[in-house]
Amino acid sequence: MSRLGNLGARLYRGEVGYDFVAKRMLWYGVSILITITAIVGLGVRGLNMGIEFKGGAVYTTPSTTVSASQAEKVAEEAAGHDAIVQELGTGGLRIQVSGLDTEAANSLKGEIAAGVDVPAKDITAELVGPSWGEQIANKAWTGLGVFMVLVVVYLAIAFEWRMAVAALIALVHDLTITVGVYALVGFEVTPGTVIGLLTILGYSLYDTVVVFDGLKESTKDVTKQTRYTYSEIANRSLNGTLVRSINTTVVALLPVAGLLFIGGGFLGAGMLNDISLSLFVGLAAGAYSSIFIATPLVADLKERDPQMKALRKRVLAKRAATASSKDDGDQGGEALGGVPQGATAGVVGPRGRRGRSTENRR
């Protein structure tokens, strides 16, 4: 068995573990700090909305010797608007210019053709209206709202309302961080980004449900025992699924990292950046929230229940009694006359010869 597999088995059996739940205030603080940073970035820089949401024109040229930076300068001078130019694998260019109507888009096509030294008839122009992007955004918000409602209802039925609340907070946490990262790095928000955001919601929920399912099994008939509190059982359950969560996250992140860093970075496929960045950040945030946010939050909410409060009192009282009994045993380790308690002082037992007293011998 590998070291990681051995560690996972020991975590599952409770032989080793890390107290995530006891240090929940630290994780809450880290998450609040990250969330505030994301919100500030979103408020200060805002999102770089793609042409699908702002409207404009997209020009695709055949193979040309003009560089992307030169084409960008030509397009911006001719249009008077910001332009985004991407090099295609065919040697051509994809030029996006926002804020254009039909007439301006047609006239700009000829100026771009002259600037990049290709025939105007070989350039493909596509006009995108802002109303289409607005429809996409509205549908995305509607889908997000329906998804959140269904998640809360399902988790409340399958588990309990506290787990539903914790899962909802974890999902909002993941979305906020992902959107904030988009604002900070300045990547374009396109329909691919929206698809990526909706995808990470499902993954984050899956990871959280896996942890909650183990917690539900571990806390069955929890009030009938006096060995562990609810928080301690929740922490043991979390440690039991820790290696599985890490393995799942790593396996999911590897191909997404390939899309982001190789496809988007080295190959220059900008369309891959739209979806891969949201997936990469969202998957990492989802794994973090399921371990450091969702389960500690459930334990926090559950410990407010009167039954769990009573269980905690019984567990602590039993431990105090056990510790007191052990201390009394240690202090009574020596009897009168300096003979340790439990020592026979030469008397092995009532049936042994050495057990007979000198008076009997007489």
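As a basis for the values below, the full set of heavy atoms in this structure was taken, side chains included, without hydrogen atoms, waters or symmetry mates.
Environment of CZ in Arg227: sparse, with no more than 12 heavy atoms of neighbouring residues, nucleotides or ligands closer than 6.0 Å. Around the NZ atom of Lys23, the shell of radius 6.0 Å holds more than 12 heavy atoms that belong to other residues, nucleotides or ligands.
Note on Met148 and Ile177: same hydrophobic cluster, where clusters join Ile, Leu, Val, Met, Phe, Trp and Tyr whose side-chain heavy atoms are under 4.5 Å apart, directly or indirectly. Residues Val172 and Leu33 do not share a hydrophobic cluster, clusters being chains of Ile/Leu/Val/Met/Phe/Trp/Tyr side chains in contact below 4.5 Å. One hydrophobic cluster, built from ILVMFWY side chains closer than 4.5 Å, cannot hold both Val210 and Ile246; they sit in different ones. Under a hydrophobic clustering in which Ile, Leu, Val, Met, Phe, Trp and Tyr are joined whenever their side-chain heavy atoms come within less than 4.5 Å, directly or via other members, Leu171 and Val149 fall into different clusters.
One distance of note links OG1 of Thr241 with CG of Asp207; it measures 8.0 Å at 0.5 Å rounding. Ile169 contributes atom CD1, which lies 12.0 Å from atom CG of Asp174 (distance to the nearest 0.5 angstrom). For the atom pair CG (Asn239) and OG1 (Thr295), the distance works out to 10.0 Å, reported to the nearest 0.5 Å. Put simply, CD on Gln96 and OG1 on Thr60 are 9.0 Å apart, with the number rounded to the nearest 0.5 Å. Between the CG atom of Asn235 and the CG atom of Asp19 there is a distance of 4.5 Å, given to the nearest 0.5 Å. Here the OH atom belonging to Tyr228 is positioned 8.0 Å from the CZ atom belonging to Arg319, to the nearest 0.5 angstrom.
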In residues 215-222, what donor-acceptor pairs under 3.5 Å come from side-chain atoms, sequence neighbours left out?
residue: Lys216; atom: NZ; partner: Ala158; partner atom: O; Å: 2.9
residue: Ser218; atom: OG; partner: Gly214; partner atom: O; Å: 2.9
residue: Thr219; atom: OG1; partner: Leu215; partner atom: O; Å: 2.8
residue: Thr219; atom: OG1; partner: Lys216; partner atom: O; Å: 3.4

Got a list of side-chain donor-acceptor pairs under 3.5 Å for residues 41-50, not counting sequence neighbours?
residue: Arg45; atom: NH1; partner: Leu184; partner atom: O; Å: 2.6
residue: Asn48; atom: ND2; partner: Gly186; partner atom: O; Å: 3.2

In a table with atom names and distances, give each donor-acceptor pair under 3.5 Å that connects a side chain of residues 111-129 to protein atoms at least two apart or in another chain.
none

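Remark: the backbone N or O of Pro296 is paired with a side-chain donor or acceptor of Tyr28 at under 3.5 angstrom. For Ser237 (side chain) and Ile233 (main-chain N/O), no donor-acceptor pair under 3.5 Å exists by modelled atom type. Formation of a donor-acceptor pair under 3.5 Å by the Ser324 side chain with backbone atoms of Ala320 is not found in this model.
Glu76 approaches Ala83 most closely through the heavy-atom pair OE2-N, 3.3 Å. Residues Ala294 and Thr208 come closest through the heavy atom pair CB-CG2, 3.9 Å. For the residue pair Ile200 and Ser278, the shortest heavy atom distance occurs at CG2-O, 3.5 Å.
Annotation: side chain of Phe147 is not in contact with side chain of Leu198 (no heavy-atom distance under 4.5 Å). The side-chain heavy atoms of Lys139 and Val194, taken from C-beta on, include no pair separated by under 4.5 Å. Taking the side chain as every heavy atom from C-beta outward, Gln225 and Leu311 approach each other to under 4.5 Å. With contacts defined as side-chain heavy-atom distances shorter than 4.5 Å, the pair Val151/Leu168 does not qualify.
The existence of a salt bridge linking Glu303 and Arg24 is excluded, since no basic side-chain nitrogen approaches an acidic carboxylate oxygen closer than 4.0 Å.
For residues 189-216, no pair satisfies ring pair (Phe, Tyr, Trp, His ring centres under 6.0 Å), with sequence neighbours left out.
Not counting sequence neighbours, the partners of Phe280 by the ring pair (Phe, Tyr, Trp, His ring centres under 6.0 Å) test are Phe261. In this structure, the side chain to side chain contact (heavy atoms under 4.5 Å, CB included) partners of Ile291, at least two apart in sequence or on a different chain, are Phe20, Leu238, Leu242, Ser245.
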Problem set entry | Derivation and outcome, side-chain contact (heavy atoms from CB on, under 4.5 Å), residues Leu144 and Leu175 | CA-CA 11 Å; Leu144 179 61; Leu175 277 177; 3.8 Å; yes

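When Val179, Val185, Thr178 are each tested for a side-chain contact (heavy atoms from CB on, under 4.5 Å) with Val181, only one passes: Val185.
Side-chain N/O atoms of Ser231 and Thr229 include no donor and acceptor closer than 3.5 Å.
In this pair, Tyr18 and Trp27 present their aromatic rings tilted. The plane angle is within the 30 to 60° band.
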